[in-house]
Amino acid sequence: MAAIPLILISAGLLLAFKMKFWNIGAYGQYILGAMFSSFFALHISPHTPSFILITVMCLAGLVGGALWAIIAALLKLFWEVNEVISTLLLNYIALYILDYFMHGPWRDPSSHGFPLSKSFAANARLPILMHHTRIHLGLVFGIIATIVIYILIKKTKFGYENKVIGENPTAAKYAGINIFRNTLIAAGISGGLAGLAGMAQVSGIIHMIQMELNADYGYTAIIVSWLAALNPIASFFVAIILGGLEAGGYQIQMTMSVPFGIVGVIESSILFALLGGELFKTHKLVFGREKSHHPIQ
Amino acid sequence: MENASESIVRLHKISKYFPGVLANDKVDFDLRKGEIHTLLGENGAGKSTLMNVLDGLYMPDGGEIYINDKRVKLHNPNDAMRNGIGMIHQHFMLVDTLTVLENVILGIKSEPFYINKKNTASRIQKISDKYNFGINPFLKIWQLSVGEQQRVEIIKTLFKGARVLILDEPTAVLTPQEADAFFEILKKMVVEGKSIIFISHKLNEVMKISDRITVMRKGKVVGSVKREDTSKEELAEMMVGRKVLFSLGRKPLEKGREVLRLENVQAFNDKGIKALKGVNLSVKSGEILGLAGVSGNGQQILSDAIAGLKNISAGKILLKGENIAGRSPRSIARMGLNYIPPDRLRTGLIPNLSSVDNAILRCYTCDPVSKKCFIDYSKANNFTETLIKEYDIMVPRRDAPVKLLSGGNMQKLLFAREAAEKPEILIAVHPTRGLDIGATEFIRKELVKQRNNGVAVFLISEDLDEIFMLSDRIGVIFEGEILDIIDIKNADLEKIGLLMAGLRDTPHNPKETSAATH
């Protein structure tokens with residue numbers, strides 16, 4: 001199920017995008033979230049009650065992702081470092097940190113040299129919601145996150161301030177809005193949800209931590225939130241559709257030997273069409289010389 | 001036209017459409033040789049569109065252009081130049097880091113590849129001497145004053161052989177004295193056989209300089225009159241389409257208590273240059289203190305500093321006796337200081353958000369619009385609705401972005417929002433800049449209403465008419481210093497104009513009280 005991480009990540013991303021904090025580092029935040037939660041899955045006794053361990057892992061995922069995004073936010077706030085650059089570069093740092101742990105301390109000695117950890121114990125796995133599927137408790141997280149983000153954006157002062165900062169930071173300053181605090185919170189929530197998605201992936205699907213975590217969801221989620229026009233409810237459904245596309249991609253690769261890359265091609269074509277279409281909201285196409293609407297003479 | 005044969009330029013039934021707007025509707029206009037013909041109208045009346053058609057920047061959708069009775073098609077400004085027409089835009093088209101000479105020859109195709117500087121310079125010098133411009137061709141543009149830069153623009157067009165000059169609101173950047181000097185130049189040029197089209201919306205200067213005046217309203221010509229046959233009142237009525245009231249309903253001044261006091265306030269601008277060099281002033285409740293000055297003398301930093309948007313490097317800003325320097329904009333606003341910033345779209349409003357979102361920018365933190373961390377949008381809607389009714393703001397749809405409103409309605413919304421906070425002091429910077437006469441009248445009346453209700457109003461404006469019309473006392477800022485503050489009873493245009501140019505008869509500290517020194 002690709003939909004669950006997409007729901008979580010894009011819910012967070014659109015909050016950041018609303019305030020024009022261009023977080024494209026969900027990839028790295030996702031990895032950090034997966035690693036923070038895996039730490040507890042691997043090091044806490046397998047006899048801990050599942051409820052407690054899962055809660056701790058969720059919090060760890062949130063904190064890990066949030067920290068990674070807040071680094072970029074602080075760089076922006078203190079030294080005006082462009083967050084597009086910093087979040088992108090932090091992705092690589094996250095990837096190599098993961099690389100170190102997977103080839104070092106966390107590698108399962110019995111993995112024949114593959115960069116895999118031990119499988120998580122049963123108490124560190126998210127419960128499956130429906131039999132014979134892989135839909136796990138993460139879906140509930142996704143629904144909650146969508147609702148919370150929706151309320152945050154549409155009903156709260158924070159959402160309003162967020163919007164004002166995004167549209168006109170000068171006016172925000174003029175109105176006395178605390179840009180520093182709001183940026184940190186939005187970046188934190190955005191990264192935190194990406195981290196939670198990472199946690200849901202290792203705990204709900206893979207049941208171990210490995211090099212291949214499908215962190216690319218972090219990029220797909222950018223497409224999701226734009227397709228949804230930054231509306232949290234819409235993004236929930238778009239995530240399910242694009243999630244289906246991703247899942248279908250694996251299927252066609254296996255059954256029809258169509259390369260999986262075609263999914264990326266389709267997704268990015270959609271995004272290009274969407275961004276290109278923006279132009280026509282404000283401009284119209286005229287062939288030849290435009291005839292005046294009013295009669296002359 | 002009875003004198004059609006004398007016309008050097010004749011526009012016949014020019015029409016120009018923009019999507020949804022009829023900018024020029026069959027406009028007739030003619031310019032005779034050796035006259036100053038003013039094109040008068042409010043913002044958006046179609047003056048600039050018409051002149052851009054004549055300058056070749058726009059192709060008209062209908063109508064004909066005759067130059068010396070010959071029909072021409074102008075596809076670009078070079079075409080216009082070949083026909084002897086040159087336009088001087090409101091915003092100068094000069095390269096700051098180049099010399100006057102380099103700017104003048106920029107883009108002239110007939111100049112040889114190797115530039116004979118001596119020869120060219122002497123030709124520029126000749127033009128400069130002829131009209132007493134006093135411009136040295138080897139100085140860099142940034143070394144020149146705004147008035148001098150404007151003269152360079154004129155040299156540019158004359159150098160290319162213009163016989164007809166189009167001047168788009170040339171006096172907007174000048175002090176009254178500079179403007180008078182500028183008018184002398186224009187008169188001299190006319191004597192030398194040039195013809196001038198003068199675009200303006202300032203009635204005083206129009207009456208001073210024009211031979212004929214053509215008034216435009218909503219894309220149409222309302223009428224053409226000779227200067228001798230008309231009056232300011234008549235022109236204003238033609239411009240607006242109804243009688244304009246010049247009275248604002250001021251109550252006699254009551255001496256109030258001091259609300260705001262600035263002591264030796266200093267601040268640096270973004271370039272690190274000291275933009276405020278020790279400003280002292282005070283504003284009392286129930287009065288309007290007007291601050292006059294040519295643009296760029298520290299007005300914006302001063303207002304930003306008072307509102308808490310800009311840090312000051314020294315001095316004290318006392319609001320009701322408390323030093324607010326260094327406090328946050330919100331805490332200052334909560335103490336009863338509201339601010340109408342100079343640039344409504346950049347600072348005062350959020351162009352892409354709805355009128356509701358803009359209306360609650362101040363009050364979203366307080367009752368009744370907000371509850372704990374939530375905003376009650378139905379209360380917010382009601383609040384916006386009252387503002388819209390009370391201030392008669394034309395808002396087609398509540399959820400449409402405010403950038404779609406007209407300038408006047410935007411400013412009304414901004415004003416309404418700030419006034420709804422029931423300020424004790426209101427700082428208004430260029431509150432009517434770019435607005436049509438109707439909206440200008442409205443905003444000015446509201447400012448006087450605030451004053452009559454006991455609010456201290458600090459008005460910063462580059463529009464001297466406005467300053468004189470509204471203020472109880474007039475201060476003048478020049479290069480970051482308040483040169484003097486004069487009671488309205490003792491102020492006259494000349495005195496203020498000299499101060500705006502930085503001239504004061506004796507160097508002394510700014511005087512708070514009136515007339516002591518003069």
Side-chain angles (χ1 to χ4, degrees), chain A residues 15 17-20 77 80 147-183 185-186 189 229-231 278-297, chain B residues 13-22 25-26 59-63 304 307-310 327-334 339-341 343-354 356-358 360-366 369-377 380 401-403 414 417:
Chain A
L15 184 75
F17 290 166
K18 276 259 179 203
M19 79 175 315
K20 300 217 161 83
L77 291 166
E80 290 172 24
I147 295 170
V148 168
I149 296 289
Y150 177 82
I151 293 174
L152 216 49
I153 287 179
K154 299 276 178 185
K155 305 277 181 202
T156 65
K157 283 195 235 176
F158 172 76
Y160 175 74
E161 292 181 344
N162 217 21
K163 193 160 65 172
V164 173
I165 294 170
E167 289 295 341
N168 188 348
T170 320
K173 206 177 151 203
Y174 158 83
I177 293 172
N178 190 335
I179 297 180
F180 191 90
R181 198 192 62 194
N182 279 287
T183 306
I185 294 176
I189 293 176
L230 304 188
N231 178 320
E278 285 286 306
L279 181 72
F280 296 101
K281 274 184 171 169
T282 47
H283 295 71
K284 64 175 175 179
L285 202 59
V286 179
F287 294 101
R289 242 188 92 71
E290 189 179 4
K291 292 278 179 292
S292 303
H293 317 291
H294 309 267
I296 301 172
Q297 274 144 13
Chain B
K13 295 206 185 315
I14 295 287
S15 294
K16 178 73 192 170
Y17 304 100
F18 293 112
V21 189
L22 183 52
D25 185 9
K26 293 182 205 159
M59 288 293 289
D61 293 315
D304 279 356
L309 295 172
K310 185 95 203 161
R327 294 218 190 151
S328 77
R330 182 171 287 166
S331 65
I332 293 171
R334 287 224 172 108
Y339 179 27
I340 297 169
D343 39 4
R344 45 184 167 273
L345 279 177
R346 250 176 54 76
T347 312
L349 297 170
I350 309 117
N352 287 329
L353 297 188
S354 69
V356 178
D357 283 336
N358 274 286
I360 63 170
L361 186 61
R362 285 285 184 203
C363 69
Y364 79 95
T365 51
C366 322
V369 174
S370 82
K371 273 186 228 126
K372 288 185 185 142
C373 59
F374 292 99
I375 291 179
D376 184 341
Y377 276 98
V402 288
K403 67 179 174 192
L414 174 53
R417 180 186 76 205

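Residue numbers begin at 1 in each chain, while the letters A, B, ... track the order of the sequences. All values below come from the heavy atoms of this structure, side chains included, with hydrogens, waters and symmetry mates left out.
Within the 4.5 angstrom heavy-atom criterion, only side-chain atoms of B:R417, from C-beta onward, approach chain A. Contacts between A:I151 and chain B at a heavy-atom distance below 4.5 Å involve the side chain alone, from C-beta outward. The parts of B:I350 that come within reach of chain A are both its backbone and its side chain, each placing non-hydrogen atoms under 4.5 angstrom from that chain. In this structure, the portion of B:K372 lying under 4.5 Å from any heavy atom of chain A is its backbone and not its side chain. Looking at B:Y364, both its backbone and its side chain come within 4.5 Å of chain A, counting heavy atoms on both sides. Interface remark: B:I360 contributes backbone and side-chain atoms alike to the contact with chain A (heavy atom separation under 4.5 Å).
A:N168 contributes a side-chain N or O that, together with a main-chain N or O of B:L349, makes up a donor-acceptor pair within less than 3.5 Å.
Residue B:G308 comes nearest to B:I332 through the heavy atom pair CA-CD1, 3.6 Å, listed as atom of the first residue, atom of the second, then distance. Scanning all heavy atoms of the two residues, the minimum distance from B:K26 to B:S15 falls at N-OG, 3.1 Å.
Annotation: maximal heavy-atom pairing with chain A below 4.5 Å, among B:K371, B:R334, B:R362, occurs at B:R362. Interface remark: of the candidates A:N178, A:T156, A:I177, A:T156 forms the most heavy-atom pairs closer than 4.5 Å to chain B. Contact tally against chain A (heavy-atom pairs below 4.5 Å) for B:D343, B:T347, B:N358, B:D376: the top residue is B:T347.
Between A:K154 and B:F374 the shortest side-chain heavy-atom distance does not fall below 4.5 Å.
Contacts of B:S370 classified as side chain to side chain contact (heavy atoms under 4.5 Å, CB included), with partners at least two apart in sequence or in another chain: A:K157.
Pairs of residues two or more places apart, or lying in two chains, that qualify as salt bridge (Lys or Arg N to Asp or Glu O under 4.0 Å) and include a residue from residues 166-176 of chain A are A:K20-A:E167.
Shown are B:L309, B:L414, B:D304; of these, the side-chain contact (heavy atoms from CB on, under 4.5 Å) with B:P341 is made only by B:L414.
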